[in-house]
Protein chains: 2
Amino acid sequence: MSALWPDDPPPCAPSGCSVEEVVDRVGSKWSVSILIAASSGPVRFTALERSIPGISRRMLTLTLRNLERDGLIVRTVFPTMPPRVEYSLTPMAAELQAALVALVGWAQRHRGEIADARARYDERAE
Amino acid sequence: MSALWPDDPPPCAPSGCSVEEVVDRVGSKWSVSILIAASSGPVRFTALERSIPGISRRMLTLTLRNLERDGLIVRTVFPTMPPRVEYSLTPMAAELQAALVALVGWAQRHRGEIADARARYDERAE
DNA sequence: CGGGATCCCTTGCGATACTG
DNA sequence: CAGTATCGCAAGGGATCCCG
């Protein structure tokens, strides 16, 4: 077998690149918002809806279902009247929090820098 | 002004939630792969293409343009024949690396757990 | 309160072909 | 080598209405 080309970057990770898995899981528009909003303990549906500006009922439901499917969120139904449903993070998702917080922190620190870069790029292209 | 509802989770972050900005920037299908592949120093177009399995020429170009626009990647053209173009991370992107690596590490550690959760969820729904 | 069902439009993205 | 151009589909996601 031939050796890898010397100037090629390593293929993302040893033994199979799971980068796309991350993006598929966390890259949907609302996943990160929901995971962060749910990190402060069990949260109800409506509370989530209020704390995430701009999200539609439909996308909140869909994203919650996907997160539940992936084992990141636990859905608990209290059969009361009116119904009460609580969402909370699994231990696996709690572990993810640190990375997510780092990511959001980075975005906030460099928000202005990015905006400037965009403006310059767009102006230059006009 | 009324106080926030006590049981509402905090709105993602103090002073404006930039969570969606992060996701928009990093959440596109190939961004993370490219950023990681480019972290080992200046990389040429073709080298990137080889090290990211499954990416199309079109998406590589488009994603690189977006990353350049956001100030995450610098594009350097050497006017030789044949042409030679190198891509490298900006300091801002280098700072992002740590968070990205953490994210990928998390995905790899929990890959099996997630697959299991999915299988159980799907079986239960059938 | 916590959703599900539909409609519909925008976009991401792959495939393919052409170029300096 | 390092792209650009065009086509076309399928998924993502918003709006709206309905329901137990």
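Order of the sequence lines fixes the chain letters, A, B, ..., with proteins taken first and strands second; residue numbering starts at 1 for each chain.
- Per the geometry, CD1 belonging to A:I55 stands 14 Å off C1' belonging to C:dG2, to the nearest Å.
- With A:S51 contributing its side chain and A:L48 its backbone, the two residues share a donor-acceptor pair below 3.5 Å.
- Formation of a donor-acceptor pair under 3.5 Å by the A:Q108 side chain with backbone atoms of B:V19 is not found in this model.
- Put simply, NZ on A:K29 is 10 Å from P on C:dG12, counting in whole angstrom units.
- Side chain of A:T90 to backbone of A:G71: a donor-acceptor contact under 3.5 angstrom is found.
- Salt-bridge annotation for A:R109 and B:E95: present, with a side-chain N of the basic residue lying under 4.0 Å from a carboxylate O of the acidic one.
- Of all heavy-atom pairs spanning A:A47 and A:V43, the tightest one is CB-CG1, 3.6 Å.
- Nearest to the side chain of A:T61, among C:dC13, C:dG4, C:dG14, sits C:dG4.
- When DNA chain D is scanned in the 5' to 3' direction for atoms under 4.0 Å from non-hydrogen atoms of chain B, the outermost contacting nucleotides are D:dC1 to D:dT6.
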Which donor-acceptor pairs under 3.5 Å do the side chains of residues 112-120 of chain A make with protein atoms, sequence neighbours left out?
| unit_1 | atom_1 | unit_2 | atom_2 | d |
| --- | --- | --- | --- | --- |
| A:E113 | OE1 | A:H110 | ND1 | 3.0 |
| A:R118 | NE | B:D70 | OD1 | 2.5 |
| A:R118 | NH2 | B:D70 | OD1 | 3.2 |

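- The distance between atom CD1 of A:I34 and atom P of C:dG3, rounded to the nearest whole Å, is 11 Å.
- The minimum heavy-atom distance linking A:L72 with A:A93 is given by the pair O-CB, 3.1 Å.
- Criterion: ILVMFWY side-chain heavy atoms under 4.5 Å apart, direct or through other members. Under it, A:L62 and A:V74 are not part of a common hydrophobic cluster.
- Look at CG on A:L64: it is 11 Å from C1' on C:dG3, rounded to the nearest Å.
- Criterion: ILVMFWY side-chain heavy atoms under 4.5 Å apart, direct or through other members. Under it, A:L67 and A:M92 are part of a common hydrophobic cluster.
- Counting heavy atoms from C-beta on, the side chains of B:F45 and B:E86 never come closer than 4.5 Å.
- Between A:R44 atom CZ and C:dG3 atom C1' the separation is 13 Å, expressed in whole Å.
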Write down the protein N/O and nucleotide N/O pairs, taken from nucleotides 15-17 of chain C, whose separation is under 3.5 Å; answer none if there are no such pairs.
none

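- For the contact set between residues 72-85 of chain B and DNA chain D, defined by any heavy atom under 4.0 Å, the members are B:R75, B:P82, B:P83, B:R84, B:V85.
- Residue pairs meeting the ring-ring contact (aromatic ring centres under 6.0 Å, His included) criterion with at least one partner in residues 65-98 of chain A, sequence neighbours excluded, are absent.
- With a 3.5 Å limit on both pairing distances and Watson-Crick or G-U wobble geometry required, the stems of 3 or more pairs in DNA chain C span C:1-20 with D:1-20.
- Look at A:E20 and B:K29 and you find no salt bridge, because none of the NZ, NE, NH1 or NH2 atoms lies under 4.0 Å from a carboxylate O.
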